[in-house]
Amino acid sequence: MLDPARMDDVLRRGGDVASLVAAWKSVDERRKSGQRDLDTLRAQRNAANERMSKLDKKSTEFTTARDELKSLSTRIKEGEAELAKLETTAQDQLLEIPNAPHASVPEGKDEHDNPVLHTWGTKPTYTFTPKAHWELGESLGILDFEAGTRITGGRFTVLRGAASKLTRGLISFMLDLHTQHGYEEIWPPAIVKRASLRGTGQLPKFEQDLFKLEIPRGPDHDPDNDLFLSPTAEVQVTNLFNDQIVDGDNLPIRYCAYTPCFRAEAGAAGKDTRGLIRQHQFDKVELVKLTTPDASYGELEALRQDAERVLQTLGLHYRVVTLCTGDLGFHSAKTYDLEVWLPGQDAYREISSCSNFEDYQARRAKIRYRPNAGDKPRAVHTINGSGIAIGRTLVAILEQYQQADGSVVVPSALRPYVGGVERIVARS
RNA sequence: GGAGGAGUGGCCGAGUGGUUGAAGGCAGCGGUCUUGAAAACCGCCGAGCGCAAGCUCCGGGGGUUCGAAUCCCUCCUCCUCCGCCA
């Protein structure tokens, strides 16, 4: 959650943030004064109880003191109940306040205002009209949208033959690339509990975007243990450290993880309904770092380059944009998007999003480090980025490497991962 | 799924109703000693809120009581045995 000291910085986001902040401040003031009053009463009770422990239990002084304390005790209980309500309210309000943008984040209204940081490679040229990946995939017999819909529903797809094999190869290729550059590989659960999602910022605000598991539960079930299909490995891997104090000497910590990701895509009706771009289930290799505050922006740049390396090694043309204040995600302080070129759609499409959350997630998930032995614990900074989205990489390969005859050349770096196959041709 | 057992500070581990926020040990930090180190000895050494005084926290939540780490209920987690399973 946002550091209360930074409430003014978050106002750059505009919109209704100002009213959220004002509402929180007002409740928090009441919370503080309630805390003060209650502490005074509790101090009285503690002192009286200590005196009482020295009295003879059979004496009249004891009986008198006990009866007097009874009413004080009742008042304290009432005060505690009131304070608990205020604390819950303040906490709920705080969880709804987004992260403060970093000073280097450009002003802007929406994605059209995102400045391009740089472009890698050049747009490939074709002697024919490039096809969209769904046309290529269907004519090659490797993307079966109809079957996915029949088995599960819309926005689910069956990959066959070369598409399946390329997916498997891409996962291994990316994990190998990242582990060679200092990331430890993690294979986490695909299902996460509510508390984990709150820790990384997906909840409470975005519950409608998630698939929730419905399981018979007793009436006393703790909602913190409600289960959801994880929308990104960011949740699992960051929460590897929830409620932990890590040794400062171990930072930065760098992880990579492959996981399936599940998103309900509420509110995306009608968008990208064709093809693999926007699915309810997709695969992704994620990069996650925990760093000290002074190192986090350097580590963000490095992580972005590590994500870019995947596209470069595959020879895929792309550009990098810096998200402006109006397009910045809820919990991010700064984000770069990697956008790969899709000739079949004549557009750059997001294939990786690399963000520094500063201490926003760490404060929610209680991930701290001790700068030096004996120091007070301090929130770490968390950074993550796709490294990169598997399905969209498959899309980019199909579209950028397509040939006049409808076949698709396999990027040379990927061939060792698909049994040496050099070209995908239609199934006979 | 059935039957037992256990959850205390970075770690181990005392503690069954009243100076116990918590003995003791290990680790860590500072110091004495030493050419240096080790050993030994001395001191410090959990976290959160609050300007402070102070308050809160012994897996989570609720209850009993003037007072709970200690008693009761419930949830979660872990361990052992049986069953089942990839």
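Every chain is numbered from 1 and lettered A, B, ... according to where its sequence line falls, protein lines coming before strand lines.
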What is the distance from [atom1] of [X] to [atom2] of [N], rounded to the nearest Å?
X	N	atom1	atom2	result
A:Lys376	B:C29	NZ	C1'	14 Å
A:Lys193	B:U77	NZ	C1'	9 Å
A:Asn225	B:C78	CG	P	11 Å
A:Arg378	B:G46	CZ	C1'	20 Å
A:Asp243	B:G9	CG	P	12 Å
A:Arg66	B:G18	CZ	P	16 Å
A:Lys32	B:A52	NZ	P	12 Å
A:Ile76	B:U56	CD1	P	8 Å

Salt-bridge present ([X], [Y]; N to O < 4.0 Å):
X	Y	result
A:Glu29	A:Lys25	no
A:Glu107	A:Arg12	yes
A:Asp359	A:Arg378	no
A:Glu399	A:Arg349	no
A:Asp67	A:Lys70	no

Inter-nucleotide [atom1] distance ([N], [M]), Å rounded:
N	M	atom1	value
B:C49	B:C84	C1'	50 Å
B:A47	B:C42	C1'	27 Å
B:C76	B:G60	P	15 Å
B:G13	B:A27	C1'	14 Å
B:C51	B:C44	C1'	26 Å
B:C26	B:C75	C1'	34 Å
B:A6	B:U16	P	14 Å
B:C45	B:C11	C1'	14 Å

For this session: Give the dot-bracket string for RNA chain B, reading 5' to 3', where a pair is Watson-Crick or G-U wobble with both distances under 3.5 Å, ( ) marks pairs inside the strand, [ ] marks pairs crossing earlier ones, | marks a partner on another strand, and . marks unpaired.
Result: ((((((((.[[[..)..(.....]]].(((((.......))))).((((....)))).[[[[[..)....]]]]])))))))....
Problem set entry | First encountered from the 5' end of RNA chain B, between A:Arg363 and A:Leu69 |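 Nearest-nucleotide comparison on RNA chain B picks A:Arg363.
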For this session: For A:Asp67 and for A:Glu80, find the nucleotide of RNA chain B with the closest heavy atom, then tell me which residue's nucleotide is more 5'.
Result: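 Here A:Glu80 is the residue nearer the 5' end.
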Exercise. Reckon A:Lys70 has a side-chain N or O less than 4.0 Å from the OP1 or OP2 of B:U65?
Worked result: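 A:Lys70 to B:U65 OP1/OP2: no side-chain N or O under 4.0 Å.
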Counting any heavy atom closer than 4.0 Å, what does [X] reach on the DNA or RNA strands: base, sugar-phosphate only, or nothing?
X	value
A:Lys366	nothing
A:Arg51	nothing
A:Asn49	base

For this session: Enumerate the residues from residues 34-48 of chain A whose closest heavy atom to RNA chain B is under 4.0 Å, giving them by residue number; use none for an empty result.
Result: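 Correct list: A:Arg36, A:Asp39, A:Arg42, A:Ala43, A:Arg45, A:Asn46.
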Given [options], the nucleotide with the shortest approach to the side chain of [X]:
X	options	value
A:Phe62	B:C49, B:G18, B:G46	B:G18
A:Met52	B:U65, B:G48, B:C66	B:C66
A:Arg368	B:G48, B:C49, B:G18	B:G48

For this session: Check whether the side chains of A:Glu299 and A:Thr291 place a donor and an acceptor atom closer than 3.5 Å, and report yes or no.
Result: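 No, no side-chain donor-acceptor pair sits under 3.5 Å.
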Exercise. Is the CD atom of A:Glu214 crowded by more than 12 outside heavy atoms at less than 6.0 Å?
Worked result: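 Atom CD in A:Glu214 is not crowded, with 12 or fewer foreign heavy atoms closer than 6.0 Å.
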Exercise. Quick one: are A:Val105 and A:Thr322 in side-chain contact, heavy atoms under 4.5 Å?
Worked result: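 With C-beta onward as the side chain, the pair stays apart.
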For this session: Go through the structure and list residues passing salt bridge (Lys or Arg N to Asp or Glu O under 4.0 Å) with A:Glu80, not counting sequence neighbours.
Result: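 By the salt bridge (Lys or Arg N to Asp or Glu O under 4.0 Å) rule, A:Glu80 matches A:Arg42.
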Exercise. Hey, would you say the A:Phe357 and A:His331 ring centroids sit under 6.0 Å apart?
Worked result: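 Judged by ring-centre distance (under 6.0 Å), A:Phe357 and A:His331 do meet the cut-off.
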For this session: Describe, in one word, how the ring planes of A:Phe211 and A:His280 are oriented to each other, choosing from parallel (under 30°), tilted (30 to 60°) and perpendicular (over 60°).
Result: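 Rings of A:Phe211 and A:His280: perpendicular, as their planes differ by over 60°.
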